[in-house]
Amino acid sequence: MNENNIQNQINPYNNRNYGIDLLRILLAFMVLSLHFNAGGTGKVLMNTTVVPWKWIVSGVTTLCYPAVNCYVLISGFFMYKQKADLRKQVKSLSKLWLMVLFFSVIGYLCVAIVFVKETSCIELIKRFFPVSRGKWWFFTVYFAMSLLSPFINSMLDTLDKTYHRILILLLLVMCSVIPMFNNWEGQLGSNYGYSLLWFFVLYVTGAYLADNDNVVVNESNGNKFVCLGLTGGGYLVSSAIVFCSGPLLGRLGISIELTPYNSLLTYIQAITLLLFFMNIKIKKKFRKVIGSLSALSLASYMFHCQEDIESVLWSNLKPWEYANCPTIILVFLATIVTLFVVSVIIGFVRNKVARFIGLDIKIMGLVDSIYMKVVKILS
């Protein structure tokens, strides 16, 4: 997490949690897996009709549902711990914006060159506004949440732990329980979890975990194994319920989905998965590699979800053609591993070049100067 805010949310104290770094790498593969199977991209899940491939694809998809929630929980956890002010947050986000901008522009140019597509100055200019245009919905919402984080932190600091828990409970009822029984309608603004409000719920939850020292179990008390068993079991049990709920509820004539990001079960999946990895001890010989890959893992999302790359990626790979045969496993593994490796390499090269020319430092200096001028005007 060297160049972007999501990936740079490391423990500000001396005991960096490499289990969370390992989780970030896993989350990158989980997001790739979701898009490989999703109806709007790889379309594998909707085209798989033959058992056991239908069960396998559905099972993998279910296990990956909490990926986005985990990202936001991790951000809430460390943003609350770091207590960064708005000025630092703006500078940090400027680095993330540069990375997003890089993939937005490079993706457009690469597709135009490789597929000999006609370029347009207007379309190229649009690629310079990836966040405000909402082409990466996650970053659009994440930027908004990050800018609000200093104010959210100040609000949470006024609450004791009891009121913090009550706040989380109320938010879950309003943003998860009520929408579930109302067919996920958006009256309260949760929008299946694709919203700033749901990110706020996850942020507040992550902050609560950050404010509790017992989320990471001390090995000396002998409870580490029990903790891993409970959290890992909780993740698998909640995933199994989500997996089985569709067919069972369908037979009962109940039209309730349990798969949206703001589903209570998906929320539980994310929390148990995060707590499991928080309590994993990583051996020293693996820490450097895990830390480096974690710092670059978000590049896989930026690369394969760039609008131009995405438009040609799945239409050329056509993974849905293998949806009902054993070959789907090889296609799946080859696709997500290749996309991850290519993305990491591109991100690594970009970071090296940016450091060499001092791009990030210059931009952050410019952003800081503009910020101070705006504050002076408003004060």
Side-chain angles (χ1 to χ4, degrees), residues 1-10 21 24-25 27-29 31-32 35 41 68 71 75 88-115 117 119-147 291-314 336 338-371:
M1 294 192 37
N2 295 329
E3 294 302 326
N4 47 65
N5 196 36
I6 260 184
Q7 301 284 59
N8 225 355
Q9 306 299 335
I10 60 174
D21 282 333
R24 288 191 183 103
I25 298 171
L27 294 178
F29 282 103
V31 171
L32 284 165
H35 292 162
T41 45
V68 172
Y71 268 126
S75 296
K88 290 181 180 178
Q89 204 67 359
V90 169
K91 291 169 68 176
S92 182
L93 283 174
S94 68
K95 295 173 69 176
L96 176 58
W97 181 82
L98 282 175
M99 180 71 89
V100 176
L101 174 64
F102 169 80
F103 277 97
S104 181
V105 174
I106 289 298
Y108 176 75
L109 296 176
C110 286
V111 169
I113 293 171
V114 174
F115 292 90
K117 289 193 173 185
T119 57
S120 163
C121 288
I122 295 177
E123 287 300 316
L124 180 59
I125 291 172
K126 287 181 179 179
R127 300 309 183 276
F128 281 85
F129 302 93
V131 176
S132 58
R133 290 174 61 231
K135 289 301 179 179
W136 275 294
W137 76 268
F138 176 84
F139 286 127
T140 300
V141 181
Y142 180 81
F143 268 68
M145 183 194 71
S146 298
L147 289 173
S292 299
L293 285 177
S294 174
L296 293 165
S297 60
L298 193 63
S300 65
Y301 173 71
M302 298 182 193
F303 176 70
H304 86 276
C305 284
Q306 195 276 343
E307 56 188 296
D308 304 289
I309 296 290
E310 188 178 63
S311 68
V312 299
L313 176 65
W314 304 113
I336 65 171
T338 301
L339 287 174
F340 181 82
V341 171
V342 170
S343 304
V344 165
I345 292 173
I346 294 174
F348 176 79
V349 172
R350 181 266 169 200
N351 291 349
K352 287 292 185 182
V353 173
R355 279 198 206 99
F356 179 76
I357 64 178
L359 178 63
D360 289 342
I361 295 176
K362 293 175 183 176
I363 293 295
M364 287 181 70
L366 176 62
V367 170
D368 191 46
S369 176
I370 295 173
Y371 174 84

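Below, all heavy atoms of this structure are taken into account, side chains as well, without hydrogens, waters or symmetry copies.
Under the 4.5 Å side-chain criterion, counting only non-hydrogen atoms from C-beta, P130 is not in contact with M302. No side-chain heavy atom of K95 sits under 4.5 Å from any side-chain heavy atom of K91. A 4.5 Å side-chain heavy-atom check between K135 and K126 finds every atom pair outside the cut-off. Put simply, the side chain of Y71 reaches to within 4.5 Å of the side chain of V31, judged on heavy atoms. The shortest distance between side-chain heavy atoms of Y108 and S120 falls below 4.5 Å. Looking at heavy atoms from C-beta onward, L124 lies in side-chain contact with L109 at the 4.5 angstrom threshold. F139 has its side chain within reach of L298: a pair of non-hydrogen atoms, C-beta onward, lies under 4.5 Å apart. Two residues are said to be in side-chain contact when any heavy atoms from C-beta on lie closer than 4.5 Å; I106 and R350 fail this criterion.
Taking every heavy atom of both residues into account, G134 and T140 meet most closely at CA-OG1, 3.3 Å. Closest approach of L101 to R127, counting heavy atoms only: CD1-O, 3.8 Å. The heavy-atom pair separating V367 from S94 by the smallest distance is CG2-CB, 3.7 Å. Closest approach of A112 and T119 over heavy atoms only: CB-CG2, 3.4 Å.
Between the SG atom in C305 and the CG atom in L339 there is a gap of 10.0 Å [rounded to 0.5 Å]. Here the straight-line distance linking atom CD1 of I309 with atom OG of S343 works out to 9.0 Å at 0.5 Å rounding. For the atom pair C110 SG and I346 CD1, the distance stands at 7.0 Å (nearest 0.5 Å). Note that CG of L147 is 10.5 Å distant from OG of S92, once rounded to the nearest 0.5 Å. Taken from CZ in F340 to CZ in F303, the straight-line distance is 13.0 Å, to the nearest 0.5 Å. Between atom OG1 of residue T338 and atom CG of residue L32 there is a gap of 10.5 Å, rounded to the nearest 0.5 Å.
W136 and Y301 have tilted rings, their planes meeting at an angle from 30° to 60° on a 0 to 90° scale. Using a 30° and 60° split on the angle between ring planes, Y142 and F138 fall in the parallel class, below 30°.
When each of N351, L359, V353, I357 is paired with R355, the side-chain contact (heavy atoms from CB on, under 4.5 Å) condition holds for N351 and for no other.
Under the side-chain contact (heavy atoms from CB on, under 4.5 Å) criterion, T41 pairs with H35, A38, E310, W314, sequence neighbours left out. Shown here are the side-chain contact (heavy atoms from CB on, under 4.5 Å) partners of V312, two or more places apart in sequence or in another chain: V111, F115, K117, N316.
Surrounding CG of L366 are more than 12 heavy atoms belonging to other residues, nucleotides or ligands, all under 6.0 Å away. Other residues, nucleotides and ligands contribute at most 12 non-hydrogen atoms within 6.0 Å of the CZ atom of F348.
The backbone N or O of V100 sits nowhere less than 3.5 Å from a side-chain atom of S104 that would complete a donor-acceptor pair. Between the side chain of S294 and the backbone N or O of G291, no donor-acceptor pair lies under 3.5 Å. Of the possible donor and acceptor atoms, none in the side chain of S369 sits under 3.5 Å from a partner among the backbone N and O of G365.
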